[in-house]
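Below: the structure, in structure tokens.
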Amino acid sequence: VSPRFQKELNPEQLAAVLHKSGPAIVIAGAGSGKTRMLTYRVAYLIENNTPASAIILVTFTKKAAQEMENRVQGLVGSEIKGLKAGTFHHLANITLRRYGKLLHFDPNFTIMDPGDQKHFMKYILGQRFDPEERKRFPKPTQVLDMHSKTINLGKPLSEISSVYYPAYLYQIVDITDTISIFTKQKKANNTMDFDDLLVFFLKFIRNEKVAAKYLDRIHHVLVDEYQDMNAIQADIVEHLGKHAKSITIVGDDAQAIYKFRGGDFNHMLNFPKVFENCQTYKLETNYRSTPEILKLANASIRKNQVGFKKELRTTRESGNLPMMIPCTNLYQEAQLICQQVLQHREEDIHLHEQAVLFRAHYHTMELEQELVRQKIPYVIRAGVRFFEQAHIKDLVAYLAVLVNPTDRIQWIRIFSMHEGVSDSGASKIITILSQQPQVLTNFVYCNLVQEMQGSRLRQAGLENLTQLQQFFKQLAFHPGTKQRLSEEELPNLPQMIEKVSQYLKPMFPARYPKNYEDRLRDLRELMNFGAKYNSITAFLADILTQYNLQGETILEGDQTLEESPLVLSTIHQAKGLEWKVVYIISLVDGRLPSARAIGDEAEIEEERRLFYVACTRAKDVLYLTYPEIVQRFDRDQISGPSRFLEEIEKEKVFEEVEVEEE
DNA sequence: CCTTAACTCCTTTTT
DNA sequence: GGAGTTAAGG
Ligand SMILES: Nc1ncnc2c1ncn2[C@@H]1O[C@H](COP(=O)(O)OP(=O)(O)OP(=O)(O)O)[C@@H](O)[C@H]1O
């Protein structure tokens, strides 16, 4: 081992890095250097002649994957190629496109986002039930949620229904049928939703003969954030790890915060049973936070009944007690945060070394207003996702049907954005066009008026669609022929985006009267983003599985700001990150813990883990603030501090500070 | 059939 | 407060 490893890792970390073969579980507390351990292990494996492409490193977000890859690169000192790093969804996407043929599907499948899924389910329900029946039947999102839970929890629909939707239990047969139609139609349209990526990936690696070529190439598997695995992910890990030389999983049960999508830290606790002769490593030295911050976090998490008891050792020197600051209302809280942020900036703690953390996006409304007013630059990692905005989806739909003309939902979006064509009209058109293969060619060369005779579609609408026919004809066909341009013959991606933008432009003022200029600007931004890609398919997949970022922009860190901005983030998004100064805001019952969790002890424990994660992001300074009055709809509501503050008050792990009145 | 405008619901967290 | 739904009018 190089001396560098000896120097930069503690003995426990080093042992895990050097783990020889077979299964290993690393149980690690917050800030104990598990990310570091993982990156060093990858580097160690590569330096010892494992090809990078034989290593799978599963992370929770794209960002984590990228950062770890960079750090491995730094350690190895040369460019590493082919490392399979990313989220399950990303790895599944890549693998399924490469090996899709073995599973007998077209690797040009398009991925449905939740909005598309909802549209699709709505359409199916509309087909199957009349309006009266619809009222009694679960809503589209509920059907989808049930279905998703069966996959992510690995339980049958009957059980999901009786636990989460008992009121609909009596309709289980209809629900089952609906879901099976949904599944069939997705297949017919060659589309997959997020869950499908995992389902088909699992199906693939389960079939060891078919997947032999893929599986044989994987020598080492490493999985981060194992406490948040759900059933299907744990299943995937099992199948990936079974034949690998080593499998290393890392997690902290105190940081499990994804129960809502099936995450269950019992998968981590069960790992040694699933993988026999598993070696256990423990990392219990915290390098991140001051002892005061750690003491507060430990005091809080101790209130949870479920979970390992572990005490983290500190290494850092003593700092200040965390500060708890009551504010009269949300505006005062916002002002207080701004004031403290600026004060720390005076002390040379840059804005980007400070973060404001919260439970839900809408908790930041007042703060954002105040930041804008005071011209404090910030980025927000919460809220609307760039690629799920209507105008972006408008454009993306045109690209999608070029690579996958069977994607019904995209066609409906395209048709119905033309004046005089509604959702239902669009749906009829695509149904007729789909009766023959080559949907795109059909559409471009058909006589719409003739085809749609008998269906009472508006004349004006059909006329508008002839323009669309012209547009696709020029965009995607050899001039004067019915011959499609191949993907290589099409213009490059930015040019395509430009052309579609030009086509969309005249529709925007009517479609988006309030802010069409902003939206057109986004399309230009999209064009710049598209320059990175030479394949439409890869672009379409990546924007959902890799770059579906929340917040205003897709070019994070690339702004023309003079100063790197303050970070506003949900606690979920803050996972794995750290800042010198952390502010946790809106610490009232109903916000953290969330109103929905109140009354259910297991949910409250999940919220407490969220609070724990939030606190342990702080290196030097931690603020805990709450408003005494919160507006809810149109009412004011008086609230005391969050139970998470009250329950540790006696332990004197924070000091209460008054707001200085101006 | 399609659009518009009034009306109603219910607010988490994410790949 | 904003999106989704419904009912009337074109
Ligand atoms: N052996 C070490 N010596 C000194 N500093 C270390 C060591 N290991 C990790 N650190 C530092 O401690 C901090 C936390 O490390 P890291 O992010 O790897 O922890 P983690 O276990 O992933 O944290 P969390 O689970 O809370 O996200 C980082 O700033 C890292 O540089």
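Lettering of chains follows the sequences in order, A, B, ..., and the numbering in each one begins at 1.
If you take CG of A:Asn464 and P of B:dC2, they are 12 Å apart, rounded to a whole angstrom.
Within 4.0 Å (heavy atoms only), A:Phe88 reaches no atom of the nucleic acid at all. Nucleic acid contact class of A:Lys428 (heavy atoms, under 4.0 Å, all strands): sugar-phosphate only. Counting non-hydrogen atoms under 4.0 angstrom, A:Lys139 reaches nothing in the nucleic acid. Residue A:His90 is out of contact with every strand shown, counting any heavy-atom pair closer than 4.0 Å.
Taking atom C1' in both C:dG4 and B:dT13, one finds a spacing of 22 Å when rounded to whole Å.
Of the candidates B:dT14, B:dC1, B:dT15, B:dC1 carries the atom nearest the A:Leu457 side chain, counting heavy atoms from C-beta on. Side-chain atoms of A:His361 lie closest to B:dT13 of the nucleotides B:dC1, B:dT13, B:dT15. Here B:dC2 is the nucleotide among B:dT13, B:dC2, B:dT15 with the atom lying nearest to any side-chain atom of A:Ser422. Side-chain atoms of A:Glu419 lie closest to B:dT3 of the nucleotides B:dT15, B:dT3, B:dC10.
Side-chain contact annotation: A:Arg97 with A:Thr537, donor-acceptor N/O pair under 3.5 Å absent. A donor-acceptor contact under 3.5 angstrom links the side chains of A:Thr364 and A:Glu368, judged on distance only.
When the side-chain nitrogen and oxygen atoms of A:Thr61 are compared with OP1 and OP2 of B:dT15, none of them lie within a distance under 4.0 Å. Considering only side-chain N and O atoms, A:Gln546 lies nowhere under 4.0 angstrom from the phosphate OP1 or OP2 of B:dT15.
The aromatic ring of A:Phe260 is stacked on the base of B:dT13, with the two ring centres less than 5.5 Å apart and the planes inclined by under 30°.
With hydrogens and angles left out, the side chain of A:Arg458 and the base of B:dC2 share no donor-acceptor pair within 3.5 Å.
Residue whose closest nucleotide on DNA chain C sits further toward the 5' end, between A:Met365 and A:Lys118: A:Met365.
Judged as a salt bridge (charged side-chain N to carboxylate O under 4.0 Å, His left out), and not counting sequence neighbours, A:Glu463 has no contacts.
A salt bridge is defined here as a Lys NZ or Arg NE, NH1 or NH2 lying under 4.0 Å from an Asp or Glu carboxylate O, and A:Glu225 with A:Lys575 meets this definition.
Partner of A:His89 under the ring-ring contact (aromatic ring centres under 6.0 Å, His included) criterion, chosen from A:Phe60, A:Phe200, A:Phe194: A:Phe194.
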